Amino acid sequence: MLNCRANSHRLVQPASSSPSCRSSSLRSRHQQALRPLRSKAVNDQNVDMAENGRGGARTSRLDGKAPDGSDFANYFCTYAYLYHQKDMLEDHKRTGAYYNAVIQNRRQFKDKVVLDVGTGSGILAIFSAMAGAKKVYAVEATDMAKHARTLVAHNKFDGVIEVVQGTIETIELPEKVDIIISEWMGYFLLRESMLDSVLLARDRFLKPGGALYPSHARMYLAPMRTNASAGRINDFQNSMYGWSEFLKEMKGFYQVDLDCLSEAYRSEQKEYYMSTSAWGNVHPSQLMGPGACFKKYDLHSVTIDELKADLLAEVSLPIVDACGPVDAFCGWFDVEFKGSGQNPADDPMKLSTAPDATGPTHWGQQVFMLHPSIDVASNDSLTTKVKVARQKVNHRLLELDIEVKVTGNSIHATGEPRQLNWHID
């Protein structure tokens with residue numbers, strides 16, 4: 001019992017409340033998420049960027065419009081900071097996978113026209129130029145574009161790479177492209193909804209038979225054990241204890257009774273601690289069965305309408321190693337760089353965010369904790385119906401609904417399903 005749960009204490013932390021914060025470094029992820037971005041000067045700059053398109057002058061004839069103010073504040077603004085770009089670049093599993101996918105497939109890139117959607121620092125555009133692309137359009141919605149131009153020129157690729165500032169929805173290109181490359185993935189693959197923009201770019205700019213890098217994506221779930229579920233309950237209880245002390249202080253100091261808000265506060269805190277996914281550094285030994293793929297995407301064929309619709313799937317999660325109850329579901333994704341049917345990769349690559357004993361990518365895994373845990377035995381299965389939908393208040397955030405029941409021959413098997421819900425904020 002002790003051995004099988006030896007790693008169940010590993011890091012599991014609440015997901016950031018901002019959809020753009022998934023790229024914070026592992027060692028300082030939550031400090032970065034809480035870093036105040038809006039001093040007055042920064043606020044003024046952000047308003048200028050959102051309203052006028054950028055802090056400085058237009059420097060490409062192809063520049064488009066900036067994101068609208070609310071989408072800029074909710075999503076794009078964080079990507080305009082070098083510290084944020086650094087945190088993504090130093091994830092070497094991520095950056096290395098893209099480097100290898102491009103450099104080890106030089107033949108596919110040589111003398112080709114490439115579009116980099118959401119270029120950020122410009123690193124993927126530079127990789128493409130290093131592989132021999134004759135022209136690269138590097139599109140970036142934020143003021144990070146000016147740093148990308150500096151980096152491109154410093155590395156002497158300004159004769160090949162043209163940095164275009166504006167959203168992909170508003171820019172125009174003078175030609176069709178052979179390849180679209182983009183690092184669009186968010187937590188649990190779909191959080192941030194950036195894939196919408198990549199598919200729009202595909203439909204507007206990609207030549208027939210052109211390739212997307214990555215070309216395919218898959219989503220996974222697995223049952224896991226973790227002591228963090230009990231920790232979440234303790235955090236919730238501590239929050240309610242703090243509220244009761246706060247009520248006493250308010251009544252004692254100011255003669256104001258706030259108890260009429262207690263139920264609303266309890267509901268708010270319960271939703272946060274009990275029904276919000278957590279970022280996790282999950283060790284493979286915490287998994288109680290293999291990851292089951294419940295959704296596959298071919299980026300060459302999936303439509304934007306399909307992507308916006310609710311994702312519905314049914315999947316069976318086998319229990320292989322049951323030395324205790326299932327405390328949570330673990331979710332992750334992988335992407336593959338296969339090229340297209342007409343221009344297949346010579347050396348296909350895969351970038352996986354699965355639990356890894358050597359450490360996680362900056363995406364980590366998403367952990368969906370169970371309260372209470374689910375009792376199971378080895379050789380049981382969790383029969384699940386999965387629904388992933390965009391949140392109504394912010395389309396870049398997600399909701400996960402799971403209907404689950406234990407099936408098999410053990411005493412825990414029951415015909416009664418449980419209905420579960422989490423926010424992926």
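Remember, predicted model here, so these are calculated numbers, not experimental data.
- Annotation: side chain of Tyr187 is in contact with side chain of Trp279 (closest heavy-atom distance under 4.5 Å).
- Ring geometry for Phe337 against Tyr98 counts as perpendicular: the plane angle is over 60°, on a 0 to 90° scale with 30° as the lower cut.
- For the pair Ile168 and Leu115, the minimum side-chain heavy-atom distance is below 4.5 Å.
- No donor-acceptor distance shorter than 3.5 angstrom exists from the side chain of Asp347 to the backbone of Asn105, with no hydrogens or angles considered.
- Because its NZ or CZ atom is both nearer than 6.0 Å to the ring centre of Tyr297 and within 45° of the ring axis, Lys295 counts as a cation-pi partner of that residue.
- Residues Leu299 and Ser215 form no side-chain contact, since every pair of their non-hydrogen atoms from C-beta on lies 4.5 Å or further apart.
- Under the side chain to side chain contact (heavy atoms under 4.5 Å, CB included) test applied with Ile402, the options Leu370, Thr384, Asn421, Val388 reduce to a single match, Thr384.
- With respect to the salt-bridge test (charged N to carboxylate O, under 4.0 angstrom), the residues Asp327 and Arg225 do not qualify.
- Checked options Val114, Ile161, Ile123; the residue passing with Ser128 is Val114 (criterion: side chain to side chain contact (heavy atoms under 4.5 Å, CB included)).
- Taking the centre of each ring, Trp363 and Phe333 come in below the 6.0 Å mark.
- Listed here is the closest heavy atom pair of Val164 and Ser60: CG2-OG, 4.2 Å.
- Using a 4.5 Å cut-off on side-chain heavy atoms (C-beta onward), Ser239 and Gln269 make contact.
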